[in-house]
Number of protein chains: 2
Amino acid sequence: MTEVKLLGGQGRGDYAQARLAEFVANCRRKKMAVTPQRRAVLRALLESGDHPRADRVYARVRREHPHISLATVHRTLERLCEVGEARKVTPLHETARYDGNTRPHHHVVCVRCKRVEDLEAPEFDTLLAGRQTLGEFHLLGCSVEVRALCHRCRKRTAGRSPSAA
Amino acid sequence: MTEVKLLGGQGRGDYAQARLAEFVANCRRKKMAVTPQRRAVLRALLESGDHPRADRVYARVRREHPHISLATVHRTLERLCEVGEARKVTPLHETARYDGNTRPHHHVVCVRCKRVEDLEAPEFDTLLAGRQTLGEFHLLGCSVEVRALCHRCRKRTAGRSPSAA
DNA sequence: TAGCAGATGATAATTATTATCAATGACGGA
DNA sequence: TCCGTCATTGATAATAATTATCATCTGCTA
Ligand SMILES: [Mn+2]
Ligand SMILES: [Mn+2]
Ligand SMILES: [Zn+2]
Ligand SMILES: [Zn+2]
């Protein structure tokens, strides 16, 4: 029953160190230039445990790199996601998407064209069934977002990096 | 194993009819005015099976109500979500949120303050474990988003409508 | 160390969403 | 059925996130 649990910020420091240490090698592998800005953005992201927005990362990076451009922060964050060094919590954030179907269900999203299809997966729903709370959170519901490539996009995307785990 | 399946647009027509039929009564119950615009927006949303954006709904509604304002469409869609007549597929769409933690994990999101915390739930991951595809979709990964109210927000939200299932 | 492809910074442009506010009309009570 | 009230609408402006542009700079390879 207690299969689901919140993760505190434990071991964040070590994790950040390890990730920064391997960053240079990873960049070389991906043939991506290692710039002070990229390093700083990744460090700032790793130091914030709270899934920050670009402006928060910008604020933090500026403490060490007062001359960095906000555009660079945006570009770098997207780049880090493309190469698998970071993750976008909000793959569909560009515009609000609405759904007239109020029955509980889940979604599969094409990460490229952003097409969204309904998905039925009853098992997902039962996992939180008993619980009312999770730590300090009062539960309302849960939805699963399956990241995928639709047929059309898969053909066009041929050889590509992760961009979504 | 085949517990997860895509839902086609079957029975959409009947579902739409039923929803529209009960809409007036639901509005009365919620003490919300029934306007032609609201009815039209809900109809347009129900007719689009594809999780549309506000501008798509606007385009469709204009076919019958050429004078409707785009602002009204935005307002109405949000309103419908508040009272449980529709659902926002993208509760975190306002701004991109990034995550330096690349280990597979899930999230709990406070629907009010948008705080995001990491969540560990191994069972969620195993459900799609075997599959490579789902219908025409090539699977990449899946993430669970648990909607919740954090302690602080729960106190401040006292008596409130659904806004999230 | 030279040269180039890619990265950056400054800035403008784009675009979704929200705010404002006067005019309108839905609806409960007379 | 008519009226007054107040929520809703439409038109428009304001806001804010993101992306585009482009001249300059710099990490990287040979
Ligand atoms: Mn749906
Ligand atoms: Mn996370
Ligand atoms: Zn696609
Ligand atoms: Zn909260």
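Every chain is numbered from 1 and lettered A, B, ... according to where its sequence line falls, protein lines coming before strand lines. Heavy-atom basis, side chains included; hydrogens, waters and symmetry copies ignored.
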Below 4.5 Å, heavy atoms only, C-beta onward: do Glu94(A) and His93(B) meet side chain to side chain? no

Ignoring backbone atoms, establish whether Gln37(B) has a side-chain N or O less than 4.0 Å from OP1 or OP2 of dG10(D). yes

On the nucleotide dA26(C), are OP1 or OP2 found under 4.0 Å from the side-chain N or O atoms that Arg28(B) carries? no

Got Phe23(B) and Leu80(B) here, is their nearest side-chain heavy-atom distance under 4.5 Å? yes

Check whether any side-chain heavy atom of Val73(A) lies under 4.5 Å from a side-chain heavy atom of Asp55(A), and answer yes or no. no

Rounding to an integer number of Å, can you tell me how far Arg62(B) CZ sits from dT9(D) C1'? 15 Å

Distance test, side-chain N/O of Thr76(A) to OP1/OP2 of dA7(C), below 4.0 Å: no

Using whole Å, report how far NE2 of His65(A) lies from P of dC25(D). 19 Å

In whole angstroms, the gap separating C1' of dA7(C) from CG of Leu80(A) amounts to 13 Å

Between Ser69(B) and dT12(D), is there a contact of a side-chain N or O with OP1 or OP2 at under 4.0 Å? no

If I take atom NE2 in residue His67(A) and atom C1' in nucleotide dG9(C), what distance separates them, rounded to the nearest angstrom? 11 Å

Protein-nucleic acid N or O pairs under 3.5 Å, nucleotides 15-23 of chain D:
from, atom 1, to, atom 2, distance (Å)
dT18(D), OP1, Ala96(B), N, 2.6

With ring centroids as reference points, do His51(B) and His107(A) lie under 6.0 angstrom apart? yes

Nearest-Å distance, CZ (Arg38(B)) to P (dG10(D))? 11 Å

Distance, rounded to the nearest Å, where Lys31(A) contributes NZ and dA30(D) contributes P: 9 Å

Electrostatic pair Arg12(B):Glu47(B) at N-O distance under 4.0 angstrom: no

Compute whether any side-chain donor of one residue and acceptor of the other, for Thr72(A) and Arg75(A), lie under 3.5 angstrom apart. yes

Please report, rounded to the nearest Å, how far the C1' atom of dT8(C) is from the OH atom of Tyr58(A). 13 Å

Spacing of Met32(A) atom CE relative to dT26(D) atom C1', expressed in whole Å: 16 Å

Carefully, step by step, assess Glu117(B) and Arg115(B) under the rule salt bridge (Lys or Arg N to Asp or Glu O under 4.0 Å). CA-CA 7 Å; Glu117(B) 297 261 331; Arg115(B) 190 148 64 91; 3.0 Å; yes

